[in-house]
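Comments concern the structure below.
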Amino acid sequence: MLSGRELERYDRQIMIFGEEGQERLKNSKVAVVGVGGLGSPVAYYLAAAGVNLLLVDEQKPELSNLNRQILHWEEDLEKNPKPLSAKWKLEHFNSDIRIDTFIGRLTSENVGEVLKGVDVIVDCLDNFETRYLLDKYAHKKGVPLVHAAVEGLYGQITTVIPGETKSLREIFPNVRKKKGKFPILGGTAGVLGALQAVEAIKLITGIGRPLTNKLLIVDLANNTFEVIELR
Amino acid sequence: MIMKVKVRYFARFRSIVGVREEEFEVPEGIRVKELLDILKERRPELKNEVFAQDEDADVNVSKNGRYVSFDDHLSDGDVVALFPPVSGG
């Protein structure tokens with residue numbers, strides 16, 4: 001049951017998916033894997049919507065992260081691991097949700113234990129090696145996986161549903177390993193991260209049509225949103 | 001025989017060639033990978049792009065809005081889009 005406070009807090013979105021949709025969000029848990037440029041807006045908007053979170057990352061924020069990783073502040077630099085840094089702000093933002101954390105790197109050994117019981121996985125990682133690990137786990141357990149990646153003013157997003165769509169590895173069988181640092185603007189990660197958060201909410205509440213079998217390509221330099229059919 | 005295909009560039013590729021799309025006359029029935037070779041010849045600024053599918057993969061291709069592999073054949077009037085997969089987060 002939603003409390004009176006929750007009915008008021010989520011009033012504007014209950015207008016979209018009803019109290020039933022809000023109940024679903026309240027009873028769900030989403031894994032945000034990577035709490036950086038994408039993970040910050042994803043976790044922020046999911047917390048705003050009343051979704052319980054699992055935040056996964058092994059790093060501590062660095063100064064050069066702050067142009068995009070908006071959940072981490074100067075006081076967190078080199079000090080608070082990203083999941084804890086984000087958890088602290090998000091708990092002050094929405095005290096009604098539950099936020100679990102895992103500080104460490106996902107491996108084939110620990111992924112089953114770490115992601116146990118999550119309803120949706122949101123891929124906010126910066127490398128395909130770990131993405132393939134998420135993909136494999138998602139298929140083993142039948143959990144939807146919302147993928148996005150960004151670089152510069154450009155990004156891609158698609159939703160993988162085991163049994164319904166291609167796997168992430170089938171869509172991106174090989175991606176050239178980036179050497180060193182890549183260019184990125186905070187706003188680009190903000191756009192793609194906001195899309196990922198909406199995608200997760202669509203999956204949980206059943207509203208709209210998720211980006212299944214579709215790759216949305218966002219090119220902010222050239223003002224284009226292009227949907228490519230993956231089937 | 002000659003056919004016409006339209007090539008649309010995204011992201012980095014668009015910055016490199018400086019146009020959104022352009023039409024090419026190519027031999028009839030060629031495969032995607034052959035089109036990529038032709039592109040490198042006619043657009044020397046793309047010569048440093050690998051256009052590979054192996055571990056150096058740096059391009060994804062769609063034909064008429066659908067994802068295709070490098071072995072897919074092209075037909076007259078096809079619209080081929082090239083976009084680089086990105087990996088940052």
Side-chain angles (χ1 to χ4, degrees), chain A residues 32-40 42 57 68-69 122-131 147-156 158 166 170-178 181-184 188-189 192-193 196 213-215 217-224 226-231, chain B residues 5-22 31-33 35-36 39-40 43 45-75 77-89:
Chain A
V32 179
V33 184
V35 190
L38 288 171
S40 290
V42 168
D57 209 307
R68 60 196 185 282
Q69 303 187 12
V122 187
D123 158 19
C124 303
L125 289 159
D126 61 359
N127 70 88
F128 265 86
E129 222 179 325
T130 318
R131 282 190 171 103
H147 159 78
V150 286
E151 184 174 329
L153 294 170
Y154 180 78
Q156 70 207 13
T158 188
K166 290 185 179 193
E170 285 174 301
I171 302 167
F172 300 107
N174 293 297
V175 175
R176 183 157 49 168
K177 265 193 188 150
K178 287 278 158 8
K181 57 187 181 185
F182 62 94
I184 176 68
T188 308
L192 272 297
Q196 282 182 294
N213 293 309
K214 293 177 191 331
L215 180 68
I217 295 173
V218 177
D219 185 345
L220 296 172
N222 296 297
N223 313 309
T224 62
E226 193 90 4
V227 175
I228 302 210
E229 297 290 332
L230 294 173
R231 252 205 278 254
Chain B
V5 294
K6 203 174 270 179
V7 177
R8 302 183 61 190
Y9 303 102
F10 285 95
R12 184 175 78 243
F13 303 137
R14 186 174 298 186
S15 308
I16 292 170
V17 299
V19 297
R20 185 169 170 266
E21 61 177 41
E22 57 188 339
R31 294 169 195 265
V32 167
K33 61 185 170 197
L35 174 69
L36 294 176
L39 276 181
K40 280 188 165 188
R43 277 289 192 180
E45 58 269 50
L46 289 172
K47 71 176 189 303
N48 290 330
E49 301 300 319
V50 182
F51 286 163
Q53 270 190 315
D54 58 12
E55 64 274 8
D56 277 335
D58 62 349
V59 66
N60 286 350
V61 184
S62 75
K63 180 179 85 174
N64 305 328
R66 279 179 192 280
Y67 225 56
V68 290
S69 83
F70 278 25
D71 289 325
D72 255 60
H73 287 277
L74 298 173
S75 311
D78 278 348
V79 179
V80 175
L82 307 181
F83 46 95
V86 293
S87 59

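Residue numbers start from 1 in every chain, and the chains themselves are labelled A, B, ... in the order their sequence lines are given, proteins ahead of strands.
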Exercise. What distance do A:Ile217 atom CD1 and B:Ser62 atom OG have between them, rounded to the nearest 0.5 Å?
Worked result: 7.0 Å
Exercise. About how many Å separate CG of B:Asn60 and CD1 of A:Ile228, when rounded to the nearest 0.5 Å?
Worked result: 8.5 Å
Exercise. Got more than 12 heavy atoms from elsewhere within 6.0 Å of CD, B:Glu45?
Worked result: yes
[X] versus chain B, the contacting section by heavy-atom distance below 4.5 Å:
{"X": "A:Arg68", "result": "neither"}
{"X": "A:Thr224", "result": "side chain"}
{"X": "A:Ile171", "result": "both"}

Exercise. What part of B:Arg66 lies closer than 4.5 angstrom to a heavy atom of chain A: side chain, backbone, both or neither?
Worked result: both
Exercise. Looking at A:Leu192, A:Asp123, A:Asp126, A:Ile184, which has the largest count of heavy-atom pairs under 4.5 Å with chain B?
Worked result: A:Asp126
Seminar exercise, completed: Between A:Phe182 and B:Gly88, the two heavy atoms sitting closest are CZ-CA, 3.4 Å
Problem set entry | pair A:Asp219-B:Phe83: side-chain heavy atoms closer than 4.5 Å | no
Exercise. Just wondering, do A:Tyr154 and B:Pro84 contact through their side chains at under 4.5 Å, heavy atoms?
Worked result: yes
Exercise. With no hydrogens and no angle check, is any side-chain donor or acceptor of A:Arg131 less than 3.5 Å from a backbone partner on B:Ser87?
Worked result: yes
For this session: Before giving the answer on salt bridge (charged side-chain N to carboxylate O under 4.0 Å, His left out), spell out for B:Arg8 and A:Glu226 the whole-Å C-alpha distance, their side-chain angles and the decisive distance to 0.1 Å.
Result: CA-CA 11 Å; B:Arg8 302 183 61 190; A:Glu226 193 90 4; 3.0 Å; yes
